[in-house]
Amino acid sequence: MKPQTIIAANWKMNMTNTDAAAFAREFKRIYKGQGDVKTVICAPYTSLSVLTAEFKGTGIYVGAQNMYYEEKGTFTGEISCAMLADIGVTYVILGHSERRAKFGETDENVNKKVHAALSNGLTPIICVGETLEQRNAGITAEWVMGQVRSALTGVDAAGAARCVIAYEPIWAISKGAVLSGDKSLVATSETANDACGGIHNVLKDLYGADTADKITIQYGGSMDGINCTDLLAQSYISGGLIGGASLNAENFSEIVRKAQELNVPKGVY
Ligand code: PEP
């Protein structure tokens with residue numbers, strides 16, 4: 001069974017509320033329906049309510065880019081799963097490399113957040129990926145597999161089947177390839193597929209083939225409306241997490257449209 005194709009935008013710290021509302025109206029105008037592809041917009045906290053209201057009834061999902069694992073209490077500045085779920089948010093990005101590198105997110109925290117998200121009905125998009133140094137040292141597989149195992153510690157097969165894994169090689173993220181056209185900054189489809197295949201194998205090892213075959217594995221790292229076709233055609237890549245190219249409704253909808261065109265069964269792994 002082929003996993004659900006999921007195309008998710010990661011706006012990072014971009015877009016005011018006003019920008020988000022304008023994007024939503026423009027995206028709804030261009031967007032031609034889901035097909036078999038799920039579309040998710042992961043936005044800053046400040047725009048989540050506006051987006052869930054704008055996208056109500058459209059089949060477009062809204063996600064956060066982080067959350068805290070505790071239910072409530074003395075955690076100034078944090079946002080709980082229940083707060084997100086209450087406003088109609090259904091996805092949450094966890095363990096993005098920028099949060100790991102700049103905000104001290106640890107594997108242990110990510111694992112706690114995965115449990116909390118699942119308990120509250122949110123779909124976690126769990127980000128994993130290696131640095132260029134790790135890739136050059138030949139430890140990509142070991143590192144990425146370790147991150148996957150750690151994020152899913154204590155998660156049963158039913159929970160794992162509700163997770164999305166985003167493979168994002170850190171060296172390929174936000175390198176300006178979308179603007180510069182420098183293809184060397186994007187993982188080749190083969191490189192990306194190799195790593196996603198490795199992730200699929202870990203999932204198979206942990207949960208068996210039936211569950212592993214249900215888990216969407218996205219590629220993220222300077223994906224755009226041109227390179228997405230090749231990346232999404234790979235056997236183990238069933239979606240994309242898109243930063244820079246998701247900030248413009250035209251550019252993002254182009255990726256969604258191409259994913260819909262490609263969304264033919266990929267066969268058994
Ligand atoms: C990301 O950071 O999740 C990402 C994929 O960004 P970009 O597409 O800009 O490389």
Side-chain angles (χ1 to χ4, degrees), residues 1-12 23-24 26-43 51 55 58-63 65 90-93 96 123-129 161-169 172-174 177-178 183 186-197 199-200 212-269:
M1 181 181 155
K2 177 183 160 300
Q4 169 76 54
T5 301
I6 302 174
I7 302 295
N10 175 14
W11 283 356
K12 311 191 184 197
F23 177 105
E26 174 72 350
F27 191 67
K28 283 192 291 186
R29 193 183 60 74
I30 308 168
Y31 182 72
K32 298 284 181 270
Q34 291 279 133
D36 286 335
V37 172
K38 272 194 180 166
T39 305
V40 186
I41 310 283
C42 299
L51 291 175
F55 291 139
T58 62
I60 299 164
Y61 298 80
V62 177
Q65 299 170 17
T90 46
Y91 283 77
V92 61
I93 297 174
H96 191 281
T123 299
I125 300 178
I126 303 165
C127 298
V128 296
R162 291 172 41 216
C163 293
V164 174
I165 310 288
Y167 169 62
E168 299 206 308
I173 293 178
S174 295
V178 172
K183 293 195 171 52
V186 185
T188 64
S189 308
E190 293 71 29
T191 305
N193 199 46
D194 266 6
C196 292
I199 292 170
H200 177 76
D213 285 357
K214 288 183 194 138
I215 302 175
T216 299
I217 302 173
Q218 298 175 316
Y219 167 76
S222 300
M223 189 186 272
D224 62 23
I226 296 167
N227 62 33
C228 68
T229 304
D230 208 19
L231 287 160
L232 294 171
Q234 302 301 311
S235 53
Y236 292 107
I237 302 178
S238 290
L241 184 57
I242 297 120
S246 74
L247 295 172
N248 172 285
E250 281 280 359
N251 294 346
F252 187 58
S253 64
E254 177 75 355
I255 300 173
V256 174
R257 191 178 60 71
K258 292 202 170 152
Q260 286 171 341
E261 283 170 10
L262 275 169
N263 200 19
V264 288
K266 290 176 185 153
V268 177
Y269 284 119

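Note that this is a predicted model, so its numbers are computed, not measured. Positions are given from 1, in the same order as the sequence printed here.
- The minimum heavy-atom distance between I30 and S253, with the atom names listed, is CG2-OG, 3.4 Å.
- Here the straight-line distance linking atom OH of Y91 with atom CD1 of I125 works out to 7.0 Å at 0.5 Å rounding.
- Shown here for A259 and T5, the closest heavy-atom pair between the two residues is CB-CG2, 4.4 Å.
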Kindly indicate, with the supporting measurements, whether the criterion salt bridge (Lys or Arg N to Asp or Glu O under 4.0 Å) is fulfilled by E261 and K258.
CA-CA 5 Å; E261 283 170 10; K258 292 202 170 152; over 6 Å; no
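- Summarising the geometry, atom OG1 belonging to T216 is positioned 8.0 Å from atom NZ belonging to K38; distances are rounded to the nearest 0.5 Å.
- Taking the side chain as every heavy atom from C-beta outward, K12 and L247 never approach each other to under 4.5 Å.
- A side-chain donor-acceptor contact under 3.5 Å links N193 and S235.
- Looking only at side-chain heavy atoms (C-beta outward), N251 and D224 stay at 4.5 Å or farther from each other.
- E168 pairs in a side chain to side chain contact (heavy atoms under 4.5 Å, CB included) with only one of the listed residues (S222, S174, C127), which is C127.
- In this view, D194 satisfies the side-chain contact (heavy atoms from CB on, under 4.5 Å) rule with no residue, not counting sequence neighbours.
- Scanning all heavy atoms of the two residues, the minimum distance from Q65 to C42 falls at NE2-O, 3.2 Å.
- For the pair A24 and L51, the tightest heavy-atom approach, listed with the atom from each and the gap, is CB-CD2, 3.9 Å.
- Using bins of under 30°, 30° to 60° and over 60° for the plane-to-plane angle, the ring pair Y236/H200 lands in the tilted bin.
- A donor-acceptor contact shorter than 3.5 Å links the side chain of W11 to the backbone of S246.
- For the atom pair CG of N10 and CD1 of I93, the computed distance is 3.5 Å after rounding to the nearest 0.5 Å.
- Closest approach of G129 and Y167 over heavy atoms only: CA-CE1, 4.2 Å.
- In this structure the side chain of Y219 never reaches within 4.5 angstrom of the side chain of N227, judged on heavy atoms.
- In this structure F252 satisfies the ring pair (Phe, Tyr, Trp, His ring centres under 6.0 Å) test together with F27, sequence neighbours excluded.
- For T90, the side-chain contact (heavy atoms from CB on, under 4.5 Å) partners at least two apart in sequence or on another chain are Y61.
- Separating the SG atom in C228 from the CD1 atom in I237 is a distance of 11.5 Å, to the nearest 0.5 Å.
- For the atom pair OG1 (T229) and CD1 (I226), the distance works out to 9.0 Å, reported to the nearest 0.5 Å.
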- Message: Show, in sequence, the C-alpha distance, side-chain angles and deciding distance for V40 and V164, and conclude whether the side-chain contact (heavy atoms from CB on, under 4.5 Å) test is met.
- Response: CA-CA 12 Å; V40 186; V164 174; over 6 Å; no
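- Within the 3.5 Å criterion, the main-chain N or O of D36 finds a donor-acceptor partner in the side chain of Q4.
- I255 CD1 to M223 CE: the interatomic distance, rounded to the nearest 0.5 Å, is 7.0 Å.
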